[in-house]
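Residue numbers begin at 1 in each chain, while the letters A, B, ... track the order of the sequences. Every heavy atom of this structure was used, including side-chain atoms; hydrogens, water molecules and symmetry mates were not. Bear in mind the structure is a predicted one, so any value in this text is a computation, not a measurement.
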2 protein chains.
Amino acid sequence: MTADPQDEGSPAPRKRVTSADVARVSGVSRATVSYVLNNAPGRVISESTRELVLSTAQRLGHVPYAPARTLRLGKSNIVLALVRDFAFGFVSHRVLRELDTALAARGFVVLAHRFDESLRPLSDLWGLISPNVVVAMGGLTVPEQAIIEDSHAKFVRSHGIVPQDRAGEMQVEYLYSRGHRVLGYAMADSPAVQLVAEERLAGARRACARLGIPDPIVETVSVDNPVTVFPALDRWAAAEPKVTAVCAHNDEVAIMVCTGLASRGLVPGKDLAVIGIDNIPMARIALTTIEMDVEAYSKAVIAAVLAAIDDKPQPDPAGDYLHLIVRDSA
Amino acid sequence: MTADPQDEGSPAPRKRVTSADVARVSGVSRATVSYVLNNAPGRVISESTRELVLSTAQRLGHVPYAPARTLRLGKSNIVLALVRDFAFGFVSHRVLRELDTALAARGFVVLAHRFDESLRPLSDLWGLISPNVVVAMGGLTVPEQAIIEDSHAKFVRSHGIVPQDRAGEMQVEYLYSRGHRVLGYAMADSPAVQLVAEERLAGARRACARLGIPDPIVETVSVDNPVTVFPALDRWAAAEPKVTAVCAHNDEVAIMVCTGLASRGLVPGKDLAVIGIDNIPMARIALTTIEMDVEAYSKAVIAAVLAAIDDKPQPDPAGDYLHLIVRDSA
DNA sequence: TTGTAGGCGTTATCAA
DNA sequence: TTGATAACGCCTACAA
């Protein structure tokens with residue numbers, strides 16, 4: 001918030017300093033300025049001219065104007081990351097940070113956009129911003145994918161790199177190996193993670209079927225409203241036979257379950273086994289979890305985006321992204 | 001990640017459908033197309049022409065091209081939110097979401113950019129993206145502010161709306177009123193919140209001085225590494241006289257302190273009083289805190305951004321954003 | 001009610 | 001080694 005009284009109503013929107021201004025003042029042509037400013041490959045510019053142009057550009061305070069450049073070139077240096085919510089979880093945040101760092105080195109900028117079809121159709125976005133690459137963090141519906149593919153931007157899906165269903169399977173497999181036969185499943189309710197949540201649950205169900213134990217008893221827990229864990233705990237305890245272990249959608253939900261247990265004087269891993277997914281920092285005290293290898297995941301996303309930028313075929317995302325980490329809670 | 005084999009190396013970057021194409025196919029002028037597409041105010045277009053243009057635009061798959069529009073208009077419909085890290089806390093995320101919703105209704109798009117001077121000088125950003133308004137989430141250094149003010153974008157600081165130091169004061173005042181005289185202070189170590197953290201601590205110190213009690217004993221806790229709470233707890237316990245209450249930088253840190261206590265068999269609010277700031281959902285079970293009124297805060301930010309867009313003077317941010325909420329922990 | 005024409009800032013092409 | 005020119009797609013004053 002601008003508290004300075006003098007810049008209120010700012011009446012003087014400084015005229016833009018164009019490369020033509022720089023050319024005029026330097027006494028050279030616009031083309032020459034462009035060559036210098038872009039280190040035009042295959043062009044030889046005399047050192048004196050180069051320095052002259054650079055110094056006047058500096059002196060006049062010239063900043064290249066992105067829209068003009070993009071219009072001329074037909075493509076921008078923008079990577080648009082589509083997110084369902086700005087607060088979208090430890091792993092995705094980390095991936096985005098790594099992506100941002102890697103792309104800054106290539107002269108690209110990563111911008112995050114929270115998309116919400118009910119707010120504005122995705123297709124209207126292209127009239128507002130013209131990204132070179134669109135990278136979807138998290139799952140996308142089929143129509144959403146179609147709209148992005150219809151745009152002129154290249155399209156990278158981060159979803160699909162890590163087999164989410166496999167994470168659910170691994171949770172069940174571990175709990176089974178520890179003797180648990182009646183499982184609960186703590187779903188997250190946030191629409192932002194719905195697609196991922198469904199895949200994880202599907203994986204868990206598949207593992208149960210394969211191992212010959214009943215489907216997990218699914219309860220929904222709201223990350224925005226932690227007290228919702230209590231009714232879930234009640235129902236798992238009331239089940240017949242009683243639930244002895246719970247797969248949580250992720251570590252956050254798992255920690256909520258553990259906290260709920262603790263506040264009732266129960267001990268996670270003893271009175272009820274709890275296993276998460278992600279291995280977020282807060283989990284590292286006591287939570288058994290399926291670690292998401294953030295570094296490997298980030299590398300895969302970066303490779304995919306760089307390939308898209310360079311118009312190269314998408315790399316094979318196969319890799320080992322999931323690892324069991326056993327701690328106290330299960 | 002694009003698994004489809006057929007779109008690898010995509011050799012046919014479809015030619016862009018321009019408004020001129022729509023004009024040609026419709027058999028009208030480019031101007032008419034523009035009038036129809038923009039609902040040009042003060043222009044009357046016959047219903048038949050309008051429908052013709054709209055339908056051919058649709059049929060040809062015309063999407064307006066943002067850079068050309070921006071170049072012509074001299075301004076974009078982009079609001080750039082500057083963040084120190086994509087994972088930047090409950091309150092800021094909520095504010096950004098509200099801002100996003102409000103601006104979508106005005107035909108603007110909110111894009112979040114993680115800025116990191118060591119990665120890329122802020123000034124280079126304007127060659128990549130040309131926002132109409134820049135809104136800084138969280139504090140900014142003086143040179144950073146200067147660079148933004150030198151750009152052609154309008155500039156809104158969300159920092160400064162809420163008096164962060166007052167939050168620190170309120171923590172101390174409450175703990176004092178409950179009889180505490182020897183306080184600890186749990187700082188967050190993240191550089192993303194450094195400026196805010198310093199203001200809150202300064203407020204706490206000022207309140208201590210005013211009330212005639214010693215400065216709080218400051219310990220740093222790492223949000224990314226929860227075990228750092230333990231040495232902090234040790235030092236507060238070892239102080240002479242012993243620390244009886246702790247102000248935490250925010251609820252997250254406060255919860256870490258409470259969790260650390262619990263894991264030692266101690267009870268927050270009994271063995272050590274703990275007070276947070278923000279009132280995040282997870283705090284709502286048992287944490288005493290200074291609530292940050294997200295709705296009021298969001299409204300203030302939205303008002304500031306809208307004023308900037310409309311070139312109106314910045315509104316007065318004064319308001320009542322902070323409220324004490326007493327629960328079990330202090 | 002619709003069309004014509006010019007220009008926004010940049011860069012690539014071609015000529016000098 | 002440098003300069004003139006055209007074009008990217010869109011919008012709008014002015015003319016018809």
Nearest whole Å is fine: how far is [N] [atom2] from [X] [atom1]?
{"X": "A:K75", "N": "D:dC8", "atom1": "NZ", "atom2": "C1'", "value": "14 Å"}
{"X": "B:R72", "N": "C:dA5", "atom1": "CZ", "atom2": "P", "value": "16 Å"}
{"X": "B:R30", "N": "C:dT4", "atom1": "CZ", "atom2": "P", "value": "9 Å"}
{"X": "A:R24", "N": "C:dG9", "atom1": "CZ", "atom2": "P", "value": "12 Å"}
{"X": "B:L128", "N": "C:dT10", "atom1": "CG", "atom2": "P", "value": "14 Å"}
{"X": "B:E51", "N": "C:dT2", "atom1": "CD", "atom2": "C1'", "value": "18 Å"}
{"X": "A:Y65", "N": "D:dC10", "atom1": "OH", "atom2": "C1'", "value": "12 Å"}
{"X": "A:L73", "N": "D:dG9", "atom1": "CG", "atom2": "P", "value": "12 Å"}

Picking from [options], which would you name as closest to the side chain of [X]?
{"X": "A:T18", "options": "C:dA12, D:dG3, C:dG9", "value": "C:dG9"}
{"X": "B:H62", "options": "D:dC10, D:dA4, C:dC8", "value": "D:dC10"}
{"X": "B:T49", "options": "D:dT2, C:dG9, C:dT2", "value": "C:dT2"}
{"X": "B:A31", "options": "C:dG3, C:dT1, C:dT11", "value": "C:dG3"}
{"X": "A:L71", "options": "D:dC8, C:dT11, C:dT1", "value": "D:dC8"}
{"X": "A:S46", "options": "D:dT1, D:dC10, C:dG9", "value": "D:dT1"}

Ring geometry between A:Y297 and A:Y321 (parallel below 30°, tilted from 30 to 60°, perpendicular above 60°):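 Ring orientation, 0 to 90° scale: perpendicular.
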Phosphate contact (C:dG9 OP1 or OP2) by A:S19 side-chain N/O below 4.0 Å: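 Answer is no, no contact under 4.0 Å.
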Short side-chain N/O contact from B:S29 to OP1 or OP2 of C:dT4, under 4.0 Å: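 Looking at the OP1 and OP2 atoms of C:dT4, neither is under 4.0 Å from any side-chain N or O of B:S29.
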Touch class at under 4.0 angstrom, heavy-atom based, for B:S34 against every strand present: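 Since a base atom lies under 4.0 Å of B:S34, the category is base.
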Sugar-phosphate, base or nothing in reach of A:P64, heavy atoms under 4.0 Å: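 Counting heavy atoms under 4.0 Å across all strands, the contact made by A:P64 is with sugar-phosphate only.
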B:L52 backbone acceptor or donor facing B:T56 side chain under 3.5 Å: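 Flag set: sc B:T56 to bb B:L52 pair under 3.5 Å.
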Whether A:R120 side chain and B:F108 backbone form a donor-acceptor pair below 3.5 Å: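 Looks like yes, one N/O pair under 3.5 Å.
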Every protein N/O lying under 3.5 Å from an N/O of nucleotides 14-16 of chain C:
residue	atom	partner	partner atom	Å
C:dC14	N4	A:R43	NH2	2.9

Terminal helix-axis angle for the helix from C:dT1-D:dA16 to C:dA16-D:dT1, with five pairs defining each axis and rounding to 10 degrees: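 Axis-to-axis angle, ends of the helix: 40°.
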Non-hydrogen side-chain atoms of A:V17 and B:H152 separated by less than 4.5 Å: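 Sidechains of B:H152 and A:V17: no contact.
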Pairwise distance CD1(B:I147) to CZ(B:F155) - rounded to 0.5 angstrom: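 With rounding to 0.5 Å, CD1 (B:I147) is 10.5 Å from CZ (B:F155).
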Pairs where residues 67-90 of chain B contributes a residue and the test side-chain hydrogen bond (donor to acceptor under 3.5 Å, both in side chains) is met, not counting sequence neighbours: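 Of all non-adjacent pairs touching residues 67-90 of chain B, those that pass side-chain hydrogen bond (donor to acceptor under 3.5 Å, both in side chains) are A:R97-B:D85, B:N38-B:R69, B:R84-B:E144.
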Shortest non-hydrogen separation from B:R106 to B:D310 and the atoms involved: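 That closest heavy-atom pairing would be NH2-OD1, 2.8 Å.
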Heavy-atom closest pair, residues B:Q145 and B:L140: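 In this case the closest contact between B:Q145 and B:L140 is NE2-O, 3.6 Å.
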A:E117 and A:T141: CA distance, side-chain angles, deciding distance, side chain to side chain contact (heavy atoms under 4.5 Å, CB included) verdict: CA-CA 11 Å; A:E117 281 277 332; A:T141 66; over 6 Å; no
Whichever of B:S48 and B:A68 has its nearest DNA chain C nucleotide further upstream toward 5':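 That would be B:S48.
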B:D100/A:L119 under side chain to side chain contact (heavy atoms under 4.5 Å, CB included): CA gap, chis, key distance, verdict: CA-CA 9 Å; B:D100 191 47; A:L119 222 53; 4.2 Å; yes
